[in-house]
Amino acid sequence: MAVSVESRNLVSAPDGGSREELVVNVGPSHPSTHGVGRVIVHLDGDIVVKAEPVIGYLHRGIEKMAENRTYLQVVPLTDRLDYVGSMYANWAYCRAVERLAGIAVPERAEYLRVIVCELQRIASHMMGIGASAADTGAFTFFIYAFDQRERIIELFERLCGARLTYNYVRPGGVSFDAPQGWTQDVLAFTKAFRAAAADLDRLFFGNVIARGRMKGIGVLSADDAVAWGASGPTARASGVNWDLRKHDPYSVYPRMDFDVVVGERGDAYDRGRCRLLECVESCRIIDQAISQMHPGPVRTEGLPRLLQPRPGEAYDHIESARGSLGVYLVSDGSVRPYRMHVRSPAFCNLALLPLLAEGHTLSDLVVVLGSLDPVFGEVDR
Amino acid sequence: MAVTRQQDKATVPDRTPTSVRLAISATDDFSPGLKGFAERVRSLVVGLGITARRSVSRPVTLKYPAEKVELSPRWRGALRLTGVLGREDVALIEGPASDYNGLIDDLYRHDRLPPCVGNCPANVDARGQSFLLADDRAAEAYELVRARNILPGVLGRICHHPCESACKRTYYDEPIAIRPLHRVAFERYAEHRAERVAPLPVTREERIAIIGSGPSGLAAAFDLMHAGFEVHVYEKEHAAGGALLSGVPAYRLPRDVLATEIADLQTMGMKLLTGVRIGTDVPIDHLIGEYDAVLIAAGLQVSRMLPVPGSDAQGIWGALDFLKAGNWKGGCGVKGRRVLVIGGGNVAVDCARVALRCGAAQVTLSSLESMDELPAHPWEIEEALDEGVIAMCSYGPKEVLVENGRVAGMRLQSCLSVFDAQGRFAPVFAEEFTDVPADVIVFAIGQAPQLAELVSGSDLVLTERGLLPVDGALMTTQVPGVFACGEVVTGPGSAIASVASGHEAATSIIRYLDGRSLSEGRVYRPVPVYPRYQPATLTGVEPARRRTVMPMAKGADRARDFRQVELGFTHLEGLAEAARCLRCASEVCVGCTFCARTCPDYAITVERIDDPGHRSVTRYDLDLSKCCFCGLCAEQCPTGALRHTGQYELSFYHRDFAVFDRHEMVRSPEGSRATGADCRGCGDAR
Amino acid sequence: MSAAASFGWGALYGLGASLVIAVAALFGVWAERKVAARIQMRYGPLEAGPFGLLQTLADTIKLVLKEDVTPNSADVPVFRIMPFLVFVPCAAALVVVPFAAGWTPFGIEAGALFFLAVPGMSVLGILLAGWSSRNTYASIGGVRAAAQMVSYELPRSLSVLALCLLAGSLDPGVIRAEWSWWWLPLMAIGFVVYFIASIAELNRGPFDLPEAESELVAGYFADYSGIRWAIFMMAEYGGLVAASLFGAGVFFGGGFGLPGPVGAVVFVALAVAMTICMVWAKWTFPRLRPDQLMSFAWKVLTPMALGQLALVGLVLPWL
Amino acid sequence: MTPDEMAALLERITAHNPRLHPLFSLEFGDAVVGVERAELFATAADLRDAGFDRLGMVTAVDRDEVFVLVYRLHSRSLSAAIFLKTLVPRDDAWVASLVELWPAALWQEREVFDLFGIHFEGHPDLRRILLPDDFVGHPLRKDYDDPRLIRRPDYI
């Protein structure tokens, strides 16, 4: 991880002479690395010749920690993977546990999971495109996006008492049922959000400067997206029609009518706009889920205090805001997981940075990085 | 999960993954030339317009402190601990019988009803019993239990303990042995009996007659005596006890235990008139005229018989007669003979075990239900099998094989299933027959009341099926002033359910004699539903946490005579078992340590003294700097003592090491520690 | 005037300008925070003083008391002195603002030239501030600033030059006195160029590349803290106020040539409006990329300014 | 994917490729095939040509004497996913790198190298990725010991 950085490198140029490369060390404490990412950038003039991400600054060894905890105690850990969208890791982990232990989930719990995860998708994308816009200097857009995110977080707080690390989705269901009037407020939110999304679209994605900054920047071809294991909006913006909610439908998603937002060019602009338009699709899903939901239990009754699945292994994945988030669990029949591995979409997407940033300027580097929407809690685990 | 997923596929039309929206395309680009220039300028103006519009809208932030922050109703702050064992006692659930339902209902509404109490038909305060017993206050424990279940010594041996099935400790490791603790309390009460059992003052003029001295009759008598009435109990046999005496075998309930507890009631003032058969010796009308209220608690007297061919042959017994004979006469002519018991309930198991003890050569239990579906309690079946009873499950009786007017055996038919898909009784038989040789056949397939003689000459009218029409909630009959309770009302049931109906009848009688409306303002017993937990995994559970095992007589030895099967706890075992109680819903930390065990971040340490006979929490450390606010500990807390405060912000300002040790825990009422344990007026979440 | 007297007057004006600019900066910072907050649906400063007016003062006190950090590897004397080198030209620009028709505090005939040239000197300070920090980001920021300020100097000067042609004088006071209403439509393009170029000249969004927070952390003043950092800020806001006042003075003839107190009020109102518009633009738009910035300056603004000059040149013979 | 479909898929894959053998039952809902370590690369290449265009996950499990390397392959055209597993002896922990087939393996193999110490032959840039370069040991190995690690007590 640690790399000593000479600030100036003398490199022999292809024409036989030599040119001076400026090495800029972006991060790990830098405003636009979205946490504690670090990129070692080799600049030739203002052009990036090599961008090498250095990660691990937020490595907490969650996979190792999970081996020392009971199945339930791991849930708070998964909150801290993707701290912008804790619900996803909660859910992916719980799905794996449920598969491993053969736990059925009440229908209402599945609907609540879908609702919170779609809300979480909006919240996460608001963070993603907001921060990405702030990287280009549009700070007010960031605030507007965060305003929407804040509304969702307030809804979450009412739901489960936490604003960031929800610990909401649990093996066998969810921790709390929706409080009185919550679903109405969610519907009111989706209604208001559609109007706000149109504003956000015009304010930033219609803006001439923003288009100039993002169009044609960090173009990812569809083939590369597949080969490099990109997923989520990052892959879809390149025209890869791949959404687990449609293509490996889980939970109650098969009952939902929604579109997959797919881009054409795979540049930073497409990735950002894909996220914004996905939020509107999420609103559709939420509205449908609320209309389909019936009262009932939200957690499987009578689960034992300590889950003790039989030996075996299970993998389950969900479509998180960043892509397909998978959890691979191995049980040896004890009360603790033998091994837990998180297939982190942010990790796989971030690996694309050297490919995408090369040949652009330093200013574009932050745009490319922002458009990949990395969350370092999940990258580093 | 795989299951639900398949259901999704099956029941819901799968939407094809082809609905794709090409959201971003070249049309997003600006037009070339001057038009494009105009579009570009327009995009800037539109942006300025949006920000301008937003700038005149109402700010979304708040003017603090002019505008108060409205916190969401459900939010998680730092942890707080309300009560601590050693400083605060667990509240006992006590009250006059006529208001007891109201008390229970109130607790239930406030989420403070422990599951053991809620699940008991008579709402015996098992939590209070454990608390007092662990404190070595056996006499108080006995009296607390007796206030509701009247005969703790008896029910401590024979009760089917619904309390234990609901015990929250099942979720953690194993349930508390509540029933054996009744017995412990009874045994320890022997030394206090002389000084603590005294006649109750008679404060009312009205007199009440109770017909039948079974559990329900005695329960009603107990309540009525405490209300100050004079109570006369009529019993047709020569000793009191009803079904407890005639139906319960002595190996489960020694006669002297029952006699002691009935004697206690008599000391309190209950007048017992044995050998009086109402209806023949004394007409019931006489009682109605003589007494201000009459309670019929006669129970079920006759066994139901199967109308199969040959059921009138010699050697056919009804279960009640068989048990009575076995219990009282010590033998019913089965010595050395083969006995076949038909039925799968508890009475059938009792018959089988009595037959063994009477010296039967071979006892077979034949039931319609399969082994898993048997209505008898699993522990009873297990004990019976231990003793050598042969079980033939999934067989229906077809025909009694008769030789010379005597029973020679029985033809049984295989039964495929007993209940249909809706759970109704609808047996399906296969055309397979098995002949079982037997000399004696006992039908234990149910009991019925026999009331015709009892009510003759009164205004009471029986239904066609011989039942007394009774309002099941108020326990009234057609005749004012005549009430009924027990199995007459409820049908065959458990002893504790009979006791519960006795309490209800007593409440009705008190209201009736007070001249109040029977139903107005009356609170009925809430029927709480508690989650049924899968048994917890016991790997790694320390021995001290395990349930005390009831010592039992060896299977082969005990089947020979009517000595007790369960040998009872010792004093120390009783103390230790009582100390295991988690004192659910008491809001007093009992140092169960489950919060510390479940904490993912080692933020909680609980230290306690946990000796038998002495139990208190000495130290409760909560390291808030480690706390991750997952809430698992508060979720685990059985007592509700540990929960989240409302002070979400405070939890971050005060992320320090909060130690509640015993002296510090006794804080002034206006204390304002970070954990907000005593903070008032800040809108606590509860 | 003797050299000594001239020096004395200069010092006095300098002191006055510094005070004015300090107050203007306080106000400018407050205005920016308030406007930005309203745009972002917040309240902005509320607590210190009425409407939070004293918030900036409180911040200044905090900044004065903060530790003044100098990086180990910095070129210490240069590093220390550069904030003042940036501040002084910005403050100096204020002395040629036409506060009344025919009057500027420091009455020199080439006042317009002074206004355009002297603040331009601060590019040196910025470049050296970035360089002396010995920090890659600061260096890049300094170099960007130099390129940007030099580029935008041109359209800005050309747009003012057109005015000078119209008024026939380089003295802003004279320009203000000569102003008449038909200059408004005639000089519309010139004003737009002046406005945009001023924003770029002041390194403010959407042209704040030298200090682009998301790319260069804080650009040329990344390593400054405490009072030195505050002086950079004062220079920026002082420049903002000066550019607004000057623009209102010369492009709008003070308060549309209105006489007396009405004119003064309209003049200040126009300047405030310009300041707010600059803030509004900053908080609405994303930031340009360096190459886009350059091409904008040379391919859009400069031709526009030249066009304006040509337009004025066409009109001039008929005056 | 239903279990039937999955069984059919397994059948189809293994029928054409003698190197593959179905490893585990489908009780947890995943199709798993195993391959000898030496044949991993060739098999993976075959699978990629057969339509498994996506390498979803690379990870390992420490099973005392061996490491089980787990690859999750995904095919959009078949709309199917399988687990490819291979065993790597603990004292001779190397395996062929799949970076040439899927660049997605670039970082994921580095991660496995970092946390398990399994060498990927042919990987262009096999360095630690999550842990500092001077870190000693491979923490996800079961025998990794660190005095700072707190073992939870057995009672829970």
Side-chain angles (χ1 to χ4, degrees), chain A residues 69 72-73 75-77 79 95 98-99 103-105 110 140 144 147 154 157-162 165 167 175-176 179 199 202-203 206-208 211 215 237 241 246-247 249-252 254-255 257-265 269-270 273-274 277 301-306 308 316 335, chain B residues 1-5 8-9 12-26 28-30 39-41 43-44 46-47 50-51 53-54 60 71-77 171-172 531-537 539-540 594 598-601 628-632 635-636 644 648 685:
Chain A
R69 294 176 170 219
L72 192 61
Q73 284 171 339
V75 182
L77 275 186
D79 280 337
R95 282 184 65 82
E98 282 153 8
R99 190 178 265 232
I103 301 168
V105 181
E110 288 286 10
T140 297
Y144 289 176
D147 176 32
E154 266 172 22
E157 191 185 353
R158 276 171 64 192
L159 190 63
C160 65
T165 50
N167 195 16
S175 61
F176 298 103
D199 257 12
R202 284 185 301 160
L203 176 62
N207 187 288
V208 55
R211 286 189 180 180
K215 286 219 168 194
N241 179 13
K246 282 276 189 209
H247 297 90
Y250 52 94
S251 188
V252 290
R255 306 179 193 176
D257 179 24
F258 66 100
D259 295 335
V260 179
V261 182
V262 172
E264 256 182 3
R265 296 178 177 169
Y269 179 83
D270 277 10
R273 191 130 188 270
C274 241
L277 297 177
E301 281 255 318
L303 281 183
R305 195 175 79 94
L306 295 171
Q308 209 170 358
D316 216 323
V335 295
Chain B
M1 264 327 294
V3 180
T4 52
R5 174 182 296 205
D8 288 346
K9 285 238 164 158
V12 179
D14 191 11
R15 302 198 190 271
T16 47
T18 48
S19 64
V20 173
R21 195 159 136 218
L22 284 173
I24 305 124
S25 64
D28 273 344
D29 292 336
F30 292 112
E39 282 173 7
R40 287 176 166 88
V41 174
S43 79
L44 295 176
V46 163
I50 290 171
T51 48
R53 204 176 67 234
R54 295 265 186 145
V60 290
L71 285 170
S72 312
R74 190 187 281 153
W75 23 289
R76 268 190 232 149
Y171 177 57
Y172 300 98
R532 289 269 168 172
Y533 298 109
Q534 287 173 30
T537 169
T539 44
F594 283 111
T598 202
C599 178
D601 293 327
C628 74
F629 298 92
C630 64
L632 293 179
E635 228 165 76
Q636 293 266 314
H644 286 278
Y648 188 77

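In the text below, chain A, chain B and the rest are named by the order of the sequence lines, each starting its count at 1.
Listed by chain and residue number, B/Y533 satisfy the ring pair (Phe, Tyr, Trp, His ring centres under 6.0 Å) test with B/Y171 (two or more places apart in sequence, or in another chain).
Contacts between B/E39 and chain A at a heavy-atom distance below 4.5 Å are absent for every atom of the residue. For a residue to count as touching a neighbouring chain, one of its non-hydrogen atoms must lie under 4.5 Å from one of that chain's; by this rule A/R202 touches chain B with backbone and side chain alike. In this structure, the portions of A/L72 lying under 4.5 Å from any heavy atom of chain B include both its backbone and its side chain.
Note on A/G206, A/P76, A/P304: by heavy-atom pairs under 4.5 Å with chain B, the leading option is A/P304.
Here the straight-line distance linking atom NZ of A/K215 with atom CZ of A/R273 works out to 8.0 Å at 0.5 Å rounding. A/Q73 contributes atom CD, which lies 7.5 Å from atom SG of B/C599 (distance to the nearest 0.5 angstrom).
For the pairing with B/R54, the side chain to side chain contact (heavy atoms under 4.5 Å, CB included) check across A/D199, A/T140, A/L203 returns one residue only, A/D199.
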